[in-house]
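Down below is the structure, laid out as structure tokens.
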Amino acid sequence: MPKHLEAAPWLAVHDRLLAALGAQHWWPGETPFEVMVGAVLTQNTAWSNVERAIANLKAADALSVAAILRLGDGELAALIRPAGYFNVKTRRLKALCGFLERAGVGGDPVRLARGGRLPALRQRLLEVNGVGEETADSILLYALGLPSFVVDAYTRRIFARLGLIGGAETYAHIRRTFMDRLPPDPALYNEYHALIVALGKDFCRPKPRCASCPLVDLCPRRGLE
DNA sequence: TTCCTGTGAG
DNA sequence: CTCACTGGAA
């Protein structure tokens, strides 16, 4: 008999957020490869800056595995400059593209999803320099449509305030907490993470705006910070 | 823990 | 001016 997992609060938070904030239509990228590039560029970076970098790549006709591998480091760094950390992210984008190329999916990165089961594919992504857990899960979920829940700083902050996690758990532990309680539905994971980001940006900020938060009545820490 | 970096809100 | 931003590596 498996340990009973109380899923109701996690589903209730999703439903409340969806009703209050509406569908978020993530990821804001036009192709799976664009989503993968965005996942790297947005690391610790505001999305508005990532949009500029991606616009530069498009304008230079450089938004493909082959084009990025062909560019010199200096050229690529100049294009993604608005996204910050441009030297680090130049190496990371090249590592990602090199991986896709070696995997034989350079011309059609969505075919990466056919390379075995989710845990094995996730492990292969984690071996790529610059792809950590959140980036790997973002690629799996938003580029490939696979049911891998994305945990980020907002998730940790929001669910700690809600009292549903402690807040100091590892990434893997929090991810499992969600995945053990939600059906493995990519559309649900997609919407849920997007809603979490929206709440974290607009309401459950470092200094929270509890008065207008759609979750106030669910939150034991409302008004305490 | 520290470093990596541009951008915009406050 | 300071802070936060859909982190990850060394």
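Predicted model only: the values in this text are computed from it and were never measured. Below, read A as the first sequence line, B as the second, and so on, with proteins coming before strands; counting in each chain starts at 1. Below, each value reflects all heavy atoms present in this structure, side chains not excepted, and no hydrogens, waters or symmetry copies.
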(request) With P as the reference atom in both, quote the distance from dT6(C) to dC3(B) in angstrom, rounded to an integer. (result) 23 Å
(request) Answer yes or no: is there an ion pair linking Glu169(A) with Arg175(A), defined by an N-O contact shorter than 4.0 Å? (result) no
(request) In whole angstrom, give the distance that lies between atom CD of Glu51(A) and atom C1' of dG6(B). (result) 15 Å
(message) Salt bridge or not between Asp217(A) and Arg16(A)? Use side-chain N to carboxylate O under 4.0 Å.
(response) yes
(request) Could you check whether Arg92(A) gets within reach of a base, just the sugar-phosphate, or nothing at all, counting any heavy atom under 4.0 Å? (result) base
(message) Rounded to whole Å, please give me the gap between CD in Glu133(A) and C1' in dT6(C).
(response) 15 Å
(message) With nearest nucleotide decided by heavy atoms, which residue, Lys201(A) or Leu126(A), maps closer to the 5′ end of DNA chain C?
(response) Lys201(A)
(request) For Asn87(A) and for Arg205(A), find the nucleotide of DNA chain B with the closest heavy atom, then tell me which residue's nucleotide is more 5'. (result) Asn87(A)
(request) Would you please test Thr90(A) and Asn87(A) for side chain to side chain donor-acceptor pair (under 3.5 Å) and show each step? (result) CA-CA 5 Å; Thr90(A) 289; Asn87(A) 289 316; 5.4 Å; no
(request) Run the ring-centre check on Phe159(A) versus Phe178(A) and record whether the distance is less than 6.0 Å. (result) yes
(message) Nearest to the Glu134(A) side chain among dT6(C), dA10(C), dA4(C), which nucleotide is it?
(response) dT6(C)
(message) Which is more 5' along DNA chain B, the nucleotide nearest Asn44(A) or the one nearest Arg209(A)? Just name the residue.
(response) Asn44(A)
(request) Could you tell me the separation between the CG atom of Leu41(A) and the P atom of dC5(C), rounded to a whole number of Å? (result) 18 Å
(message) Among dT6(C), dT5(B), dG6(B), which nucleotide has an atom closest to any side-chain atom of Arg81(A)?
(response) dG6(B)
(request) Would you kindly compare Val128(A) and Ala46(A) by the position of their nearest DNA chain C nucleotide and give the one closer to the 5′ end? (result) Ala46(A)
(message) With a cut-off of less than 4.0 Å, is there a side-chain N or O of Arg52(A) near OP1 or OP2 of dG8(B)?
(response) yes
(request) Using ring pair (Phe, Tyr, Trp, His ring centres under 6.0 Å) as the criterion, list what pairs up with Phe33(A), not counting sequence neighbours. (result) none
(request) Identify whether any heavy atom of Val131(A) sits under 4.0 Å from a base atom; if not, whether one sits that close to sugar-phosphate; answer base, sugar-phosphate or nothing. (result) sugar-phosphate
(message) Applying a 4.0 Å non-hydrogen cut-off, can you work out what Gly84(A) is touching in the nucleic acid: base, sugar-phosphate, or nothing?
(response) base
(request) Would you give the length of the straight line joining atom OG of Ser148(A) to atom NE2 of His193(A), rounded to the nearest 0.5 angstrom? (result) 11.5 Å
(request) Using the P atom as the reference point in each nucleotide, state the distance between dT5(B) and dA10(C) in Å, no decimals. (result) 14 Å
(request) Mind calculating the distance between NZ (Lys89(A)) and C1' (dT7(B)) to the nearest angstrom? (result) 12 Å
(request) Please tell me which of the listed nucleotides, dT6(C), dC5(C), dG8(C), lies nearest to the side chain of Thr135(A)? (result) dG8(C)
(request) Would you indicate which nucleotide in dT6(C), dT5(B), dG7(C) comes nearest to any side-chain atom of Tyr85(A)? (result) dT5(B)
(message) Can you identify which nucleotide, out of dC5(C), dG6(B), dT6(C), has its nearest atom closest to the Trp26(A) side chain?
(response) dT6(C)
(message) Side chain of Phe86(A) only, heavy atoms from C-beta on: which candidate in dT5(B), dG10(B), dT6(C) is closest?
(response) dT5(B)
(message) From the set dG10(B), dT6(C), dG7(C), return the single nucleotide nearest to any side-chain atom of Gln43(A).
(response) dG7(C)
